[in-house]
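What you are looking at is a predicted structure, and each value in this text was computed from that prediction instead of being measured. For ligands, and for the atoms within them, numbers begin at 1 and follow the listed sequence.
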Amino acid sequence: MTRVPIAGVGMTAFGAQGERTSRDLFAEAASKAYDDSGLAPEDVEEVFYGNYMGELAEGQGHSGPLAAEAAGVTAPATRIESACASSGAAVRHGVNRIRNGDVDVVLVGGAERMTNLSTADGTAGLAAAADALWEINAGMTFPGAYSLMANRYFEEYGGTREDLAHIAVKNHDHAVENELAQFRRSIDVKDVLTAPDVCSPFGLYDCSPMSDGGSAALLVSESFAEERGLDPEVAIVGTGQGGDRMALQDRASMARAPAAERAASAAYADAGIGPDDVDFAEVHDCFTIAEVLAIEALGFYEVGEGIDAATEGETAIDGELPINLSGGLKAKGHPVGATGCGQISELTKLLRGDHVNSDAVEDAETALAHNAGGTVASCVVTVLEVTQ
Ligand code: COA
C-alpha cells in the first residue's frame, strides 16, 4: 500500500446552475483545489477528468483536454466515462499513475451540466447508462431501475417505504449546514411519504436531483509532498474497482450490488483494513435504496440488515457510523460526472477538520467513498486516512 497524499481539493456548489458550462464548473473547482494546495497549474503533469453526458447536454465530446485547458494545464488529459462513477474512476486513475511512479502531480475531478436539459431529456440521457438493447428499448429509466431493485429488496429481505424515507430525512438533515449542497432544508418522514410519486415505491424525496457542478483534487507523490513541504493531512490509502453484468435481468439478484462488494474487497485489501476500521463514509445514494445496497455491500451491515440503519439513527450525524455527512447525492446533489471526486473533497475536509460537519467525526482517522455507475454495473471504492 503506497499512500497518495491529497494536496488540495475544490468543489463548486452543486445545484441548478444550468447557465454555466461544465468547463466553467471544472475551472472553478480546479481553481479552489490550487488555492487549497498551494500548487499551480504548471505543477500538474497529467489530468483525469470525469464526465458522463457532455455530448448530449453540451454537444461536447473529447472533454479531457478542454477541462485541462479550463484548469490552465496543457499536460496530457483524458476523459474518464463510467456513468455516475466517472470521477471516482478518474481519481483511481490518478492514484495509479502516481503509485506507478510515472508522475508526481495529477489533477483529477469531473463536472456535469444537466439542468440545461428538460427532466425528460435528462432522464433519457441518464438511461443511456443502462443496456440499450435490453433495458432502454423496454423503456427503462434510472428511477424505474432502482425502484425494481427496491421492490426486490423488500420482497427478499423485508423493509418498507418508511424505512427508505428515514434515509432521505437523514441526508437532508446533514445538508442543512453544507453551503455547497443543493437542498439545505430539513424534511420529515411525512414529507417524503406524501411527496409526488415518481416510480413506486419512490416519491420525489427518494431520488437524487438533476444537478450541475464540478469537483477537483490534486494528488501528489509522497516524495513531491516532502520536497515542496506540503504536509497534506489526508492521503488515499486504498482503491478498488468492481464490475458486474450491465442489465438488471442478467444479475443473480436485483437486491444486491456485487460490483460494490468487489470494489470494497479490493480497496480494503489495498488499504490493509476491514469495514470495522471505517469511521464514516460517503456512499452513492442516487436513490434511497442505493444507500441500503451500498452499506451492505461495503460490509458495514449484513445483507438484509442495512434497511433499518437510518430508522435506528445509526447512520446519522450522531450515530455510530455516520453516512453521507455532506447530504449525499440526495440532498447535496448529483451532477453525475462530478459526484465521485466531490465525495473525496467532502471526506478530505471532514477528516482535516475544516468541514462544517467535522465536529461529528472529530477523532476519526479513516473514511471511505463509494461511487457507483449505472445500476452498479461499475463501482469505485476509495479509502482515505489522516496522515499524522
Ligand atoms: N429532491 C427534492 N426536491 C426535488 C428533487 C429531488 N430529487 N428534484 C426536484 N426537486 C424540487 C425542485 O427543486 C423543484 O422545487 P421548487 O418547485 O421549490 O423549485 C421541484 O422539486 C420541481 O422540480 P423539477 O425539476 O420540475 O422536478 P421534476 O419532477 O421534473 O424531476 C425527478 C424530479 C425526481 C424526476 C428528477 O430530479 C430525477 O429524474 N431525478 C433522478 C436523477 C437520476 O436518475 N440520476 C441518476 C441516478 S443513477
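- At distances below 3.5 Å, not a single donor-acceptor pair connects side-chain atoms of Asn171 with backbone N or O atoms of Ala331.
- Put simply, Phe224 and Val106 are part of two different groups of oily side chains (I, L, V, M, F, W, Y) that touch within less than 4.5 Å, one to the next.
- Protein non-hydrogen atoms do reach within 4.0 Å of atom 8 (N) of ligand 1.
- Taken to the nearest 0.5 Å, the CZ atom of Arg20 stands 13.0 Å off from the CZ atom of Phe26.
- The backbone N or O of Leu321 lies less than 3.5 Å from no partner atom in the side chain of Asp279, so there is not a single donor-acceptor pair.
- Proximity of atom 39 (O) of ligand 1 to the protein is indicated by at least one non-hydrogen atom lying closer than 4.0 angstrom.
- Of the protein's heavy atoms, none falls inside 4.0 Å of atom 26 (O) of ligand 1.
- The protein heavy atom nearest to atom 5 (C) of ligand 1 is Leu204 CD1, 3.6 Å.
- Protein heavy atoms are absent from the 4.0 Å sphere centred on atom 12 (C) of ligand 1.
- Those atoms of ligand 1 that come under 4.0 Å of a heavy atom in Tyr205, given as number and element, are 2 (C).
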Report task. Could you check Ser378 against Ser82 for side-chain hydrogen bond (donor to acceptor under 3.5 Å, both in side chains), going step by step and ending with a plain yes or no? Result -> CA-CA 7 Å; Ser378 61; Ser82 193; 3.2 Å; yes

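- Contact annotation for atom 44 (O) of ligand 1: protein present (non-hydrogen atoms, distance under 4.0 Å).
- Looking only at distances, no side-chain donor or acceptor of Ser86 sits under 3.5 Å from a matching main-chain atom of Gly337.
- By the 3.5 Å distance cut-off applied to N or O atoms, His172 is not counted among the residues near ligand 1.
- There is no protein heavy atom closer than 4.0 angstrom to atom 17 (O) of ligand 1.
- Residue Gly374 places no N or O, backbone or side chain, under 3.5 Å from any N or O of ligand 1.
- Ligand 1 does not have Gln182 within reach: every non-hydrogen atom of the residue lies 4.0 Å or more from it.
- Between Tyr146 and Phe202, a ring centre-to-centre spacing not shorter than 6.0 Å is recorded.
- Protein non-hydrogen atoms do reach within 4.0 Å of atom 34 (C) of ligand 1.
- If you check which protein heavy atom lies closest to atom 24 (P) of ligand 1, you get Thr119 OG1, 4.6 Å.
- To the nearest 0.5 Å, atom CD1 of residue Ile98 and atom CZ of residue Arg3 are 13.5 Å apart.
- Side-chain atoms of Asp285 never come within 3.5 Å of backbone atoms of Thr288 as a donor-acceptor pair (strictly under, hydrogens ignored).
- The single protein non-hydrogen atom nearest to atom 4 (C) of ligand 1 is Phe183 CZ, 3.5 Å, given as residue, atom name and distance.
- Scanning Cys286, Gly333, Ser208, Gly15 for the heavy atom closest to atom 41 (C) of ligand 1 points to Ser208.
- At the shortest separation from atom 1 (N) of ligand 1 among protein heavy atoms lies Lys330 NZ, 3.0 Å.
- No donor-acceptor pair closer than 3.5 Å links the side chain of Glu177 to the backbone N or O of Asp173.
- Put simply, the side chain of Phe280 reaches to within 4.5 Å of the side chain of Leu351, judged on heavy atoms.
- Distance check for atom 22 (C) of ligand 1: every protein heavy atom is found at 4.0 Å or beyond.
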